[in-house]
Engineer: 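To start, I am sharing the structure in question, which I have written as structure tokens.
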Amino acid sequence: MSDKKIPTIIPTINFKEKAIELLPEGASFEACLTCGLCSSGCPASGIENMDPRKFIRMAMLGMDEELSTTPWVWCCTQCKRCQHVCPMSIDISQLVFLARGNWPQEEKPSGIVRSCQLIRSTDSTSAMGLPPEDFVFVVEDVLEEVRETQPAFKNLQAPMDKKGAHFFVNQNSREPMSEPDEMVPLWKIFDLVGADWTYSSKGWAAENFCMFSGDEEAWYEVIKKRVEAVNELGCKVWLNTECGHSYYTMWNALNRFGMEADFKLESLITYYAEWIREGKLPVNSKWNTKNIKFTVQDPCMIVRKAYGESIADDMRFVVKTLIGEENFIDMQPNRSANYCCGGGGGFLQAGMTDHRRTYGKRKFDQIAATGAAYVLTPCHNCHSQMEDIGHHYGGNYGVVHFWTLICLSLGILGENERTYLGPDLLALID
Amino acid sequence: MREEARHFETELAVIGSGIAGFAASIFALNRKIDTAQVGNTGAVAYTTGYLDLLGSIEGSGVAVDNPWDGIEQLKKTHPDHPLCQVPAGDIRKGFEQFTAFLGECGIAYSAPHDSNLTALTPAGTLKKTLCVPATMAAGPKAFAAKTPCVIIDFKGLKGFSARQVVANLQDKWPSLSAERITFPAMDKGEIYPEVMARALEVPATRQELAVLLKQAAGDAKVIGLPALLGMHEPDKVRTELEQLTGLQIFEIPTMPPSVPGIRLREMFEQVFPQKGITLIPQQKVVSLDFDAGGALLTLSDNYGPITIRCKAVILATGRFLSGGLEAHITGITESLLDLPVTQPENRTDWYLDSYTDRRGHAIHKAGIEVDVSYRPLDKNGTPYNECLFAAGIILAHQDWIRGRSGAGIAIATAYKAVEAAEKFLHAAHALHK
């Protein structure tokens with residue numbers, strides 16, 4: 001991407017005008033001291049010779065052509081950390097969204113565009129293009145196998161299109177497509193707490209790269225399909241799986257597009273915490289006899305950009321209960337001040353590997369500073385990126401889903417459900 | 001975006017996230033007052049890390065060696081100055097409580113002593129200050145003893161030049177020299193102290209840097225570095241680098257965005273909620289309404305609207321940068337309640353002709369008036385509301401920049417405002433019984 005010549009056919013946006021339109025109440029460019037807190041705190045600073053401060057100054061100077069064509073807009077993950085640390089609350093990510101949308105489709109990173117096209121290609125809204133009937137087949141197939149091979153779960157359920165179920169649960173395509181056994185721990189958790197839930201054959205998928213492609217119309221269409229799917233089944237709660245951006249794209253879109261939704265949007269993390277507090281999920285840390293250390297990655301999309309501290313607290317409550325408070329080491333900075341890992345904003349799909357890893361160095365340092373053996377995160381993009389930068393920079397940590405550790409703690413993690421466990425954790429099971 | 005309204009009830013609400021706001025919350029915590037703090041990220045991230053009480057007598061440009069004597073002197077020439085209204089014992093208690101709290105939370109500070117320290121600035125000039133972070137403490141000592149010392153800077157780091165520091169200090173500190181090194185794995189483009197500080201939280205980076213520092217130090221036993229020795233555990237990072245190098249190491253503040261300020265902000269944001277303070281650090285209060293039972297704050301964050309009901313409020317919203325005061329063509333206003341602002345009569349009187357005029361500019365003394373209980377006054381000269389108190393540089397009659405007294409005013413007046421708020425809360429409680 002970086003050495004690709006950007007053709008001049010990219011239309012030019014008047015960034016200054018847009019920036020002033022988009023300023024939140026009370027924010028002001030006049031008061032910008034160009035202090036650089038935004039750039040200092042941004043992992044994308046320096047990539048493509050750009051940083052947030054430079055971006056906003058260039059906008060104010062009317063350097064619209066440069067800003068309309070800089071590939072940096074695909075390296076900024078729109079994580080909003082710049083706004084978070086800015087005393088004037090200037091939101092550069094909105095300008096980046098505009099700039100992305102302004103690129104001609106054929107010039108945008110093809111991975112992001114393709115993912116958006118695939119999402120729109122079936123009723124599943126799956127970025128991997130998995131059609132509804134295949135999803136239904138995989139779920140039934142895996143369920144049958146679990147019932148046959150794990151006697152404790154011979155009556156396990158994975159309801160599909162169950163009208164009136166309380167929870168509409170979405171699903172990342174990665175599991176049914178490439179690692180179907182990873183769906184099972186969550187089914188077991190639902191079974192254990194007696195949740196009234198269902199998958200849907202339509203609008204079930206959790207990815208939404210259309211927002212990252214800057215294509216507002218496509219973003220709207222995807223959300224519309226998902227909202228209709230939930231409304232059709234009459235579910236009370238759209239329960240977002242361990243995924244960051246699927247939550248944000250839905251939550252943000254409902255307001256942005258003024259959509260009618262007869263259900264609540266919730267995150268699995270909130271319910272993990274609630275079920276543990278209520279005693280429905282009787283997890284504990286007794287299994288962690290070797291005091292294996294864990295840290296947690298706050299996904300920007302659900303912490304800084306949406307719920308804020310409440311979900312960060314819930315995440316820590318769940319983690320500490322699972323592994324023992326003394327075995328938890330927080331990353332610095334954390335919660336709403338946390339760094340984006342570099343897997344967000346479609347970066348993982350954009351094909352800009354070197355840039356993405358440069359961005360991810362900050363996350364790698366954060367993890368390395370904790371000395372933790374594992375990172376827990378309820379986000380698939382965070383998960384993939386942290387694994388990749390771990391390998392790239394020679395890290396010595398693993399990345400695990402919450403559902404894996406919950407089932408491990410409960411002693412119900414099946415043999416095929418242990419992909420992300422290192423030898424130290426496997427040894428504790430056997 | 002489904003907005004979820006959240007509501008909090010508390011005894012005391014502190015509006016403002018600068019030094020005054022954070023100090024007020026610490027004092028309230030020490031007095032066991034149930035507290036919520038709100039306000040968007042203030043200028044705290046810009047601080048050098050030094051806590052000044054009084055470094056200069058406003059208008060004179062003369063440095064103050066003993067701030068306690070300096071305040072006595074100030075009483076004669078600037079009797080309206082907020083520091084002149086606070087007994088010395090209370091100022092000292094404020095500083096002691098504030099620095100002790102920082103120390104307990106992982107950022108050790110020197111305690112307030114009887115005289116000022118002579119500390120180094122990013123430009124290699126000198127300033128008087130009362131308390132310094134432990135990571136910087138060896139600097140003033142090395143300067144006082146004129147110990148042979150190497151100031152080291154980094155390729156790609158803007159806003160801190162070892163050569164500049166040495167050039168400005170060479171007359172006073174002849175055995176000072178400068179070196180430039182490349183920070184481990186940061187050999188390209190512009191680099192930021194924040195990024196370097198975080199990288200130094202990783203043990204392997206410390207080991208690599210230690211080798212480079214040792215080489216750069218040559219025969220010197222003391223080195224000065226820009227402030228970047230870790231973000232979350234600065235004292236540990238410095239101690240370990242000292243062990244690895246066998247050198248004494250001190251930090252010198254850098255230009256904003258500087259690490260010492262970010263350290264403080266991140267520490268407050270993490271520690272306050274753990275200690276039971278409801279902290280909403282990123283948002284501005286939109287409205288503040290009073291009724292018989294106290295006050296209601298209205299604001300919102302990414303997730304939706306927030307209301308906070310409290311029995312007393314401390315206004316610590318700062319001056320222009322943080323938005324406590326607003327400058328208009330027609331004059332200066334207070335942004336939240338439109339409190340009367342003491343200010344020059346005409347806009348033409350805001351500034352003297354020369355920006356660097358030692359007498360200072362009249363606009364920098366604009367602010368709100370308070371009574372002896374730190375209650376802001378309305379246009380009739382009576383308290384705006386009995387449950388409203390104010391602290392920090394929003395108060396009139398001080399030019400904290402020229403007086404080198406920003407932290408002093410913030411801490412001293414926050415101490416008094418919380419004391420007054422506590423009295424009010426107790427009285428209200430007794431009445432209620």
Side-chain angles (χ1 to χ4, degrees), chain A residues 24-28 31 33 35-43 45-47 49 51 80 83-89 248 250-256 261 263-265 304-311 313 330-337 339 358 361-362 364-371, chain B residues 1-4 6 17-18 40-46 156 158-159 185-186 188-195 197-205 230-233 255-259 261-262 265-266 269-270 273 278-284 286 300-304 320-323 335:
Chain A
E25 201 180 331
S28 163
L33 299 171
C35 74
L37 274 167
C38 52
S39 299
S40 164
C42 168
S45 281
I47 298 176
N49 195 25
D51 61 57
K80 286 185 186 266
Q83 183 187 16
H84 180 79
V85 297
C86 173
M88 300 304 148
S89 202
Y248 184 79
M250 182 87 149
W251 176 72
N252 189 287
L254 291 186
N255 185 52
R256 188 183 185 97
F263 50 88
K264 279 180 80 176
L265 268 57
R304 175 166 55 248
K305 292 175 72 170
Y307 287 95
E309 301 309 292
S310 63
I311 201 155
D313 284 343
D330 230 331
M331 273 187 226
Q332 295 295 334
N334 54 49
R335 298 166 183 256
S336 287
Y339 287 119
T358 299
K361 179 65 166 53
R362 201 81 70 93
F364 178 80
D365 279 353
Q366 273 185 288
I367 299 169
T370 66
Chain B
M1 190 144 35
R2 270 299 173 86
E3 295 204 329
E4 302 239 348
R6 282 149 295 156
S17 297
N40 77 329
T41 305
V44 73
Y46 298 145
K158 293 180 180 172
M186 293 189 198
K188 281 184 288 209
E190 182 176 357
I191 56 174
Y192 297 89
E194 179 176 355
V195 184
R198 299 207 196 272
L200 281 175
E201 307 251 298
V202 183
T205 316
M231 191 62 83
H232 177 58
E233 295 181 307
M255 298 296 283
S258 66
V259 167
I262 300 171
R265 197 187 73 201
E266 287 186 0
E269 287 182 4
Q270 283 189 42
T278 301
L279 181 70
I280 304 163
Q282 232 26 58
Q283 312 301 330
K284 271 193 177 173
V286 178
S300 64
D301 66 4
N302 285 341
Y303 201 50
F320 301 104
L321 175 66
S322 306
S335 57

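Labels below follow one simple rule: chain letters A, B, ... track the order of the sequence lines, proteins then strands, and each chain is numbered from 1. Heavy-atom basis, side chains included; hydrogens, waters and symmetry copies ignored.
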Engineer: Measure distances from A:Asn49 to the heavy atoms of chain B and classify the residue's part below 4.5 Å as side chain, backbone, both or neither.
Structural biologist: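 No part of A:Asn49 comes within 4.5 Å of chain B.
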
Engineer: Which of the residues B:Glu201, B:Glu266, B:Arg198, B:Met231 is involved in the greatest number of heavy-atom pairs with chain A at under 4.5 angstrom?
Structural biologist: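 The option with the most such pairs is B:Arg198.
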
Engineer: Between A:Leu33 and A:Met88, does the side chain to side chain contact (heavy atoms under 4.5 Å, CB included) criterion hold? Intermediate values first, please.
Structural biologist: CA-CA 9 Å; A:Leu33 299 171; A:Met88 300 304 148; 5.6 Å; no

Engineer: A:Cys38, A:Ala369, A:Ser310, A:Ser40: which one forms the most heavy-atom pairs within less than 4.5 Å of chain B?
Structural biologist: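 Among the listed options, the one with the most contacts to chain B is A:Ser40.
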
Engineer: Is it true that a side-chain atom of A:Asn334 and a backbone atom of A:Met331 form a donor plus acceptor pair closer than 3.5 Å?
Structural biologist: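 Confirmed, A:Asn334 side chain pairs with A:Met331 backbone.
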
Engineer: Please state whether the side chain, the backbone, both or neither of B:Leu279 comes within less than 4.5 Å of a heavy atom of chain A.
Structural biologist: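 Nothing of B:Leu279, per the 4.5 Å heavy-atom cut-off to chain A.
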
Engineer: For the interface with chain B, which of A:Arg362, A:Lys361, A:Arg335 has the highest count of heavy-atom pairs at distances below 4.5 Å?
Structural biologist: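 Max contact count across the listed options: A:Arg362.
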
Engineer: Below 4.5 Å from any heavy atom of chain B, which atoms of A:Ser39 appear? Answer side chain, backbone, both or neither.
Structural biologist: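 Both parts, heavy atoms under 4.5 Å.
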
Engineer: Run the side-chain hydrogen bond (donor to acceptor under 3.5 Å, both in side chains) check on A:Glu309 and A:Ser336 step by step: do they pass?
Structural biologist: CA-CA 7 Å; A:Glu309 301 309 292; A:Ser336 287; 2.6 Å; yes

Engineer: Decide yes or no for B:Gln282 and B:Asn302: does some side-chain heavy atom of the first lie under 4.5 Å from some side-chain heavy atom of the second?
Structural biologist: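 Side-chain contact under 4.5 Å: no.
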
Engineer: Using distance alone, with no hydrogens and no angle criterion, decide if B:Gln270 and A:Gln332 have a side-chain donor and acceptor under 3.5 Å apart.
Structural biologist: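 Checked: B:Gln270/A:Gln332 side chains pair up, N/O donor to acceptor below 3.5 Å.
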
